[in-house]
Amino acid sequence: MLYQLVVDSPSFKKVIRLQNSCYSIGRHPSNTIVIPSPQISRRHATLIKKINPNLDISFHIIDGDLEGHRSRNGVWVNGESHLDYELVHGDVIALSEDIQIFYQAIPTDPKDTISGGGDRQRLTPDLSEHFPQEQWDITLIGHEDDLSQLSHEQLSKLAACIEYSPYPMVEIDYFGNLTYLNTATKEKFPSIRENSMTHPLLRDIIPQREDAPTYYIRTREVQIGDKFYEQHIHYPAESQFIRSYIFDITERKVIEQSIHYQAFYDPLTDLPNRFLFKQELGKVLSNVQNQSSVLGLVLLGFRELQSLNDLLGHSVADEVLKIITERLSAHVRLEDLLCRWRGDTFVLLIQSCRNLDEIEVFVRRLLAVLKRPFFIANNPLYLQGYAGIACYPNHGDNVETLLNRVGVALNEVKDIGSRQYCFYEESMNSDHLERIQLEHALHQALEKDEFLLYYQPIIDVQAGRLCGVEALIRWQHPIQGLVPPGLFIGLLETTGLIIPVGEWIMRTAFQHFHHWAPAVDDDFRIAINLSPQQFQAPDLLPTILRILEESSLAPHRLEVEITENIVMQNVTATQNLLNALQSHGIRLSMDDFGTGYSSLSYLKTFPFNTLKIDRSFTKDILHTPKDAAIIQAILLLGNGFNLNIIAEGIEEESQARCLYDLGCREMQGYWFSHPLSEAEITAFLAEGNFQRFCLG
């Protein structure tokens with residue numbers, strides 16, 4: 001078979017016979033095939049020779065070079081743009097508007113067939129007679145009978161060409177006896193005589209079938225050590241000999257492997273990517289049908305990884321991704337498949353499970369492994385992993401359905417925020433649609449002035465006075481009414497709207513304060529919660545100071561609340577920011593103390609003014625001695641560090657009195673007041689009857 005490109009352009013025409021393994025095409029002189037036209041790129045395309053599974057030869061054309069740089073105009077085959085395309089006879093390649101290249105696979109023997117894939121094959125005339133030939137083209141000898149027409153001198157020259165050819169040539173008879181080795185064969189394969197028919201080049205080349213055709217050519221790839229060879233085996237008609245021509249294709253194989261790696265593996269983690277995962281998942285599903293085993297598909301995400309990337313840069317985030325990969329790889333089984341799905345998301349295929357409970361235990365173990373700190377430059381970072389789970393056959397029996405449903409499950413966990421993992425459920429599809437609609441409305445809520453601020457009082461039960469309020473955002477949807485915070489707070493964070501909405505909260509709360517100023521003490525403060533994305537924003541401090549100045553509010557009136565998880569993400573960065581906030585007189589509070597990764601050393605490191613005891617400890621204080629002991633320890637700890645302590649979630653007087661007896665002075669909860677609107681908190685302040693809450 002003869003393979004060639006016929007280049008046709010107004011100023012350039014040429015036929016190029018394809019004999020090598022790899023060609024670069026472009027206008028730069030360093031290319032293998034140079035097309036002198038300003039309309040194409042310096043490195044426009046790459047042509048690679050490939051041996052297909054059925055031992056046919058084909059050529060792939062790739063847009064750009066092998067380093068991933070794409071061309072300016074793209075590569076168009078038969079009118080369609082392609083990044084990688086397997087050519088068949090008759091394909092028309094366009095590199096620009098006026099440069100066309102015809103690909104041809106022309107039989108050199110009557111028994112040859114034109115290579116191609118079914119209806120993709122195109123029949124075109126051989127245009128080579130109308131185009132100049134490359135100077136290195138050679139004349140092909142088609143049949144054994146042609147040799148009889150050659151003179152003695154011509155036969156001698158031909159024999160010399162074969163003997164001193166740089167390409168190895170081997171001849172054996174049908175009994176397995178070596179009848180000829182040229183010089184290149186002896187040099188490159190010195191053990192071939194000794195090993196004879198056990199040598200990789202000679203093994204299995206004698207046809208076993210009696211009905212084998214009288215003349216045919218067989219092509220195969222042979223690996224010897226770290227080298228790869230393409231072996232063309234000729235079975236000449238009416239001949240007692242089998243001839244092999246061997247070409248070193250190691251360089252081409254390396255290129256093919258590189259292309260395969262770039263196409264199917266993630267370069268940062270060395271894990272398979274989503275394209276390879278989908279292929280492998282399809283194979284697995286086709287093998288497990290009609291069997292009783294359960295497959296688990298797990299999509300893993302990380303709440304803080306994108307913020308970490310924005311705050312500390314790509315290099316730190318990449319290092320964390322590598323550590324995540326190492327941890328996950330160390331805890332998955334050999335038969336399971338772990339891939340990097342995209343960005344900060346990984347996907348895991350768990351095979352051969354007996355039931356859903358077994359999959360759940362496996363996922364919980366993985367999430368526990370990811371809770372351990374990630375040490376970067378000796379600084380601990382903490383990430384919160386979460387997972388969506390879909391299973392075969394429970395949640396789907398094909399690739400697209402399972403991937404869709406595991407994605408829905410992951411979004412469910414991500415939006416709710418309080419769960420670490422969940423299995424897919426049918427109701428999630430409608431819930432997911434509602435969240436999409438809610439997210440769309442949320443983008444317009446700030447512009448339409450649909451947000452409200454409510455305030456929950458903080459009471460000093462020893463003195464019987466109001467010492468502050470916590471600002472809480474509410475959303476008055478024009479159709480759905482008052483939307484619960486749990487449904488939209490997470491969406492504010494994931495959409496990035498939390499930044500402008502957070503600024504709105506501060507401005508609005510500070511404006512409202514001026515209505516209350518005459519009725520409050522000098523140490524009255526407004527507590528405002530900061531989300532992870534807000535806290536990690538590079539302009540947080542300048543933004544707060546600017547809003548304080550615009551609102552004419554003294555900095556000590558503001559108390560910034562952050563959770564333990566935020567504190568632990570990057571100790572050094574957190575310490576620097578908290579010190580800067582405190583240096584401007586802003587008060588600092590750690591919310592939900594005791595529910596995360598708190599450490600006594602961090603209380604000494606970070607300049608907090610207040611610790612807030614989470615409601616999970618206060619709600620059962622009357623019935624659970626351990627909770628009372630924990631609260632008492634926190635109070636002793638706070639006193640030792642000269643910290644103010646606030647107990648949250650107080651719903652009964654008996655809870656408040658028990659906490660007061662333990663030494664807690666400041667509290668908030670429904671026993672004192674529900675969150676109040678601006679008008680209600682103004683009336684609450686005007687009433688001023690706070691002595692009714694005095695327990696001293």
Side-chain angles (χ1 to χ4, degrees), residues 303-304 364 367-368 371 382-386 413-422 454 456-459 461 468-473 484-487 489-490 493 527-532 535 559-569 588-600 602-603 606 608-639 641 643-675:
R303 299 188 191 282
E304 302 87 358
R364 290 174 63 182
L367 292 173
K371 276 188 176 181
Y382 290 86
L383 299 180
Q384 185 178 1
Y386 58 100
V413 180
K414 184 178 182 180
D415 292 342
I416 294 176
S418 60
R419 302 169 67 181
Q420 273 199 294
Y421 66 90
C422 73
Y454 277 59
Q456 186 162 38
I458 301 172
I459 304 295
V461 297
V469 293
E470 180 179 359
L472 303 168
I473 190 171
L487 292 182
I489 295 296
E493 183 79 7
I528 292 180
N529 295 279
L530 291 184
S531 73
F535 190 75
E559 184 165 77
V560 170
E561 288 190 11
I562 59 175
T563 63
E564 290 183 59
N565 289 338
I566 295 177
V567 171
M568 307 303 293
Q569 285 181 22
L588 305 171
S589 173
M590 181 186 283
D591 198 9
D592 301 336
F593 182 75
T595 61
Y597 306 99
S598 55
S599 166
L600 298 183
Y602 294 142
L603 293 181
F606 301 126
F608 286 106
N609 305 100
T610 301
L611 296 182
K612 299 188 75 172
I613 302 175
D614 186 69
R615 66 183 68 247
S616 62
F617 296 113
T618 61
K619 67 178 182 178
D620 296 323
I621 189 172
L622 298 175
H623 313 291
T624 309
K626 287 184 178 180
D627 286 345
I630 291 173
I631 291 174
Q632 188 172 26
I634 293 174
L635 290 166
L636 290 172
L637 185 66
N639 291 332
F641 283 101
L643 298 171
N644 189 43
I645 307 294
I646 300 176
E648 297 180 297
I650 311 308
E651 298 183 357
E652 302 173 4
E653 181 180 358
S654 55
Q655 286 177 304
R657 189 163 295 280
C658 180
L659 285 162
Y660 178 72
D661 292 341
L662 290 173
C664 185
R665 176 173 175 173
E666 294 186 4
M667 306 177 196
Q668 66 181 105
Y670 286 179
W671 183 62
F672 306 103
S673 172
H674 285 69

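- Note that CG of L659 is 12.5 Å distant from CZ of F617, once rounded to the nearest 0.5 Å.
- When side chains are defined from C-beta on, I646 counts as touching Q668, because their heavy atoms get closer than 4.5 Å.
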- Query: Could you walk me through whether Y421 and L367 pass the side-chain contact (heavy atoms from CB on, under 4.5 Å) check?
  - Reply: CA-CA 9 Å; Y421 66 90; L367 292 173; 3.9 Å; yes

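- In terms of heavy atoms, P675 sits closest to Y454 at O-CD2, 3.5 Å.
- The distance from the CD1 atom of I459 to the CH2 atom of W671 is 9.5 Å, given to the nearest 0.5 Å.
- Checked against L662 for a side chain to side chain contact (heavy atoms under 4.5 Å, CB included), the options L635, L636, I634 give a single hit: L635.
- Looking only at side-chain heavy atoms (C-beta outward), I489 and I473 come within less than 4.5 Å of each other.
- Distance check, rounded to the nearest 0.5 Å: CG of D614 to CD1 of I630 gives 11.0 Å.
- Residues S654 and L622 form a side-chain contact, since some pair of their non-hydrogen atoms from C-beta on lies under 4.5 Å apart.
- A salt bridge links K612 with E470: the closest approach of a Lys/Arg side-chain nitrogen to an acidic carboxylate oxygen falls below 4.0 angstrom.
- Ring geometry for F606 against F608 counts as perpendicular: the plane angle is over 60°, on a 0 to 90° scale with 30° as the lower cut.
- Judged purely by distance below 3.5 Å, without hydrogens or angles, the side chains of Q456 and S673 never pair a donor atom with an acceptor atom.
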- Under the side-chain contact (heavy atoms from CB on, under 4.5 Å) criterion, do L643 and M590 qualify, and how do the steps go? CA-CA 11 Å; L643 298 171; M590 181 186 283; over 6 Å; no

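- In this structure, I645 CD1 and L611 CG are separated by 4.0 Å, a value rounded to the nearest 0.5 Å.
- T618 places a side-chain N or O within 3.5 Å of a backbone atom of E648 that can act as its donor or acceptor partner.
- Counted by atom type alone, E666 and N644 present one or more donor-acceptor pairs between their side chains at under 3.5 Å.
- When every heavy atom of Q655 is checked against every heavy atom of G649, the shortest pair comes out as OE1-O, 4.1 Å.
- For the atom pair CD1 of I631 and SG of C664, the computed distance is 8.0 Å after rounding to the nearest 0.5 Å.
- Remark: the backbone N or O of A628 is not paired with any side-chain donor or acceptor of Q632 at under 3.5 angstrom.
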- Item | Candidate pair N529 and E561, rule side-chain contact (heavy atoms from CB on, under 4.5 Å), full reasoning | CA-CA 5 Å; N529 295 279; E561 288 190 11; 2.8 Å; yes

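- Between the side chain of D591 and the backbone N or O of I562, no donor-acceptor pair lies under 3.5 Å.
- Between E559 and T610 the shortest side-chain heavy-atom distance falls below 4.5 Å.
- Taking OH of Y660 as the start and CD of E653 as the end, the distance is 13.0 Å to the nearest 0.5 Å.
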